[in-house]
S.K.: 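One structure, as structure tokens, below. Some questions next.
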Amino acid sequence: MQPLVLYDIVSKLPGNNWSSNPAKPRFVLSYKDLPFVTLWVEYSDIPIAMKAIGAKPNKRPDGSDVYTVPVLSDPNTGALITDSLEIASYLDKTYPEKLVFPNNSEPLIRAFDSAISSLLRPAVKFIYARCTEILSPASAEFFTKARSVYVPLPWDVSRDTDWELLEKGYNTLYEWYQKTDGKWIMGDTFSHADIIVACDLLWYKRVLEEDEWARVSSWNGGKWAKVLADVEKECKLA
């Protein structure tokens, strides 16, 4: 079997990885024990690089095209897939040995993904500001232009409010977890829902200052550091 190719975003951080969306297929690939390599792309070069390989663009809210990563290339089938959810769906259908959408849960997990985005997006301004600090100058400028379409500037002027919103969001998520009897969203069954939660937490851990990540880790009795550690272990990334 030839290794699959995952396109991710380069950064100044050791190991490069930082962004939550490309992290999701990396977790899925590792969970499924599939061989893969990572090709690192500058954020500012994403449109050129993805057009060059023939990747399909996503759509902005206004209907216009936008090129994004993650993108997964599978030389074993010739498939080229854009978007973390579409990649997970493809991998389950093509390599079904260890499903991340078990028990026909894909529609519900897609809804869960939208719910998580709606819950946490109001609080991401100061995290976006941190992201610009770990990118090259050209990529930081491109990132700011691209993300400000969805989250208007300025990003670093209401930090206390943003922290309150983030903690409120995780308090709600904690309540959701209390509805299950196991350690996973689906009880004792691991799924892509757990990967979604963990990859947002990984994003914070990678881009925030150490004391800021410690603050997130302390919420809800240390729940979120444990969720990230559990998912990393399950996906053999610990």
Side-chain angles (χ1 to χ4, degrees), residues 5-27 37-73 80-87 113-114 116-166 169 196 199-213 215-216:
V5 180
L6 176 64
Y7 291 84
D8 199 345
I9 307 167
V10 73
S11 75
K12 299 176 184 177
L13 297 172
N16 281 319
N17 65 293
W18 62 278
S19 182
S20 57
N21 284 326
K24 294 167 189 173
R26 186 169 66 253
F27 275 59
V37 296
T38 304
L39 292 184
W40 300 99
V41 182
E42 280 282 353
Y43 201 103
S44 54
D45 293 339
I46 289 173
I48 295 170
M50 295 306 100
K51 285 179 185 178
I53 64 172
K56 180 181 177 181
N58 276 322
K59 293 291 184 181
R60 293 190 180 94
D62 65 4
S64 61
D65 288 344
V66 57
Y67 285 90
T68 62
V69 295
V71 168
L72 184 75
S73 174
L80 189 64
I81 311 99
T82 302
D83 185 82
S84 60
L85 277 172
E86 300 307 326
I87 291 170
D113 183 67
S114 295
I116 286 283
S117 294
S118 298
L119 189 66
L120 302 179
R121 181 172 292 167
V124 299
K125 288 183 179 180
F126 78 99
I127 303 172
Y128 277 0
R130 286 277 185 243
C131 291
T132 63
E133 298 171 5
I134 57 120
L135 298 172
S136 70
S139 286
E141 181 179 351
F142 193 90
F143 177 90
T144 301
K145 182 178 179 182
R147 294 293 178 174
S148 61
V149 172
Y150 307 99
V151 180
L153 295 167
W155 286 342
D156 206 14
V157 296
S158 56
R159 292 174 56 82
D160 290 343
T161 300
D162 293 342
W163 271 109
E164 290 173 5
L165 287 171
L166 190 64
I196 290 167
C199 287
D200 277 340
L201 294 167
L202 179 65
W203 175 37
Y204 308 154
K205 185 177 182 179
R206 292 288 284 165
V207 305
L208 295 178
E209 299 290 348
E210 188 173 338
D211 63 321
E212 293 173 325
W213 167 243
R215 182 174 177 177
V216 175

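Only a predicted model underlies this, so the values are computations on that prediction, with no experimental measurement involved.
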S.K.: Below 30° counts as parallel, above 60° as perpendicular, anything between as tilted: where do the rings of Phe126 and Trp163 land?
M.R.: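 Plane angle between 30° and 60°, so tilted.
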
S.K.: List the atom of Ala55, the atom of Tyr67, and the distance in Å for their closest heavy-atom pair.
M.R.: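 Of all heavy-atom pairs spanning Ala55 and Tyr67, the closest is O-CE2, 3.4 Å.
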
S.K.: Relative to each other, are the rings of Trp18 and Tyr43 parallel, tilted or perpendicular (30° and 60° limits)?
M.R.: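 It falls in the tilted class, 30° to 60°.
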
S.K.: Report, as yes or no, whether the 6.0 Å neighbourhood of atom NZ on Lys51 holds more than 12 heavy atoms from other residues, nucleotides or ligands.
M.R.: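 No, NZ of Lys51 has 12 or fewer neighbouring heavy atoms, counting only those of other groups under 6.0 Å.
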
S.K.: In Å and rounded to the nearest 0.5 Å, what is the CZ to OG distance from Arg206 to Ser11?
M.R.: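 With rounding to 0.5 Å, CZ (Arg206) is 6.0 Å from OG (Ser11).
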
S.K.: Can you check whether Thr68 reaches Asp83 side chain to side chain, under 4.5 Å on heavy atoms?
M.R.: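 No, side chains not in contact.
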
S.K.: Are Asp156 and Tyr128 close enough, and set up right, to give a side-chain contact (heavy atoms from CB on, under 4.5 Å), and what steps lead you there?
M.R.: CA-CA 9 Å; Asp156 206 14; Tyr128 277 0; over 6 Å; no

S.K.: Thinking salt bridges, do Glu212 and Arg215 make one under a 4.0 Å N-O criterion?
M.R.: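 Salt bridge flag = no for Arg215 with Glu212.
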
S.K.: Any side-chain heavy atom of Arg26 within less than 4.5 Å of one from Leu202?
M.R.: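 Yes, side chains in contact.
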
S.K.: Please determine whether side chain to side chain donor-acceptor pair (under 3.5 Å) holds for the pair Asp62 and Ser64, giving the CA-CA distance in whole Å, both sets of side-chain angles, and the decisive distance to 0.1 Å.
M.R.: CA-CA 6 Å; Asp62 65 4; Ser64 61; 2.6 Å; yes

S.K.: Can you find a heavy atom in the side chain of Ile46 that is under 4.5 Å from one in the side chain of Ile9?
M.R.: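 Result yes, sub-4.5 Å side-chain heavy-atom pair found.
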
S.K.: Can you find a heavy atom in the side chain of Leu6 that is under 4.5 Å from one in the side chain of Pro25?
M.R.: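 The answer is yes, as the side chains (C-beta and beyond) meet within the 4.5 Å cut-off.
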
S.K.: Less than 4.5 Å apart, any side-chain heavy atom of Glu209 and any of Arg130?
M.R.: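 Sidechains of Arg130 and Glu209: in contact.
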
S.K.: For Lys59, is there an ion pair with Asp65 - N to carboxylate O distance below 4.0 angstrom?
M.R.: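 Between Lys59 and Asp65 there is a salt bridge, with a charged N closer than 4.0 Å to a carboxylate O.
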
S.K.: First locate atom CG of Asp8, then atom CG of Leu72, and finally report the distance between them rounded to the nearest 0.5 Å.
M.R.: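 The CG atom of Leu72 is 11.5 Å from CG of Asp8, to the nearest 0.5 Å.
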
S.K.: Among Asn16, Val69, Val71, exactly one meets side-chain contact (heavy atoms from CB on, under 4.5 Å) together with Pro22. Which residue is that?
M.R.: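 The passing option is Val69.
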
S.K.: Nearest 0.5 Å, please: how far is OG in Ser20 from NZ in Lys205?
M.R.: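 Between atom NZ of Lys205 and atom OG of Ser20 there are 15.5 Å.
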
S.K.: So, Lys56 and Glu86, do they make that salt bridge, N to O below 4.0 Å?
M.R.: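 No salt bridge links Lys56 with Glu86.
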
S.K.: Would you sort out whether Ser117 and Arg121 count as a side chain to side chain donor-acceptor pair (under 3.5 Å), showing the intermediate values?
M.R.: CA-CA 6 Å; Ser117 294; Arg121 181 172 292 167; 4.8 Å; no

S.K.: Out of curiosity, Leu135 CG to Thr144 OG1, how far, rounded to the nearest 0.5 Å?
M.R.: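 Those atoms lie 8.5 Å apart.
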
S.K.: Side chains of Ser73 and Ile53: does their closest heavy-atom pair fall under 4.5 Å?
M.R.: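 Heavy-atom side-chain distance check fails, nothing below 4.5 Å.
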
S.K.: Are the side chains of Trp155 and Asp162 in contact, using a 4.5 Å heavy-atom criterion?
M.R.: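 Contact flag for Asp162/Trp155 side chains = no.
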
S.K.: Is there a side-chain contact (heavy atoms from CB on, under 4.5 Å) between Val151 and Val124? Walk through the geometry before answering.
M.R.: CA-CA 8 Å; Val151 180; Val124 299; 4.1 Å; yes

S.K.: First locate atom CG of Leu80, then atom CD1 of Ile87, and finally report the distance between them rounded to the nearest 0.5 Å.
M.R.: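 Leu80 CG to Ile87 CD1: 9.0 Å, rounded to 0.5 Å.
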
S.K.: Less than 4.5 Å apart, any side-chain heavy atom of Met50 and any of Val41?
M.R.: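 A side-chain contact under 4.5 Å exists here.
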
S.K.: Do other residues, nucleotides or ligands put more than 12 heavy atoms under 6.0 Å from Glu141 CD?
M.R.: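 Not more than 12 within 6.0 Å, no.
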
S.K.: What's the separation between atom CG in Leu166 and atom CD1 in Ile127, rounded to the nearest 0.5 Å?
M.R.: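 The distance works out to 5.0 Å.
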
S.K.: If you look at every heavy atom in Ser44 and Ala138, which pair is closest and at what distance?
M.R.: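 Scanning both residues, the minimum pair turns out to be CB-O, 3.8 Å.
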
S.K.: What heavy-atom pair brings Lys125 and Pro154 nearest, and what distance separates the two atoms?
M.R.: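 In terms of heavy atoms, the two residues are closest at CD-O, 4.0 Å.
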
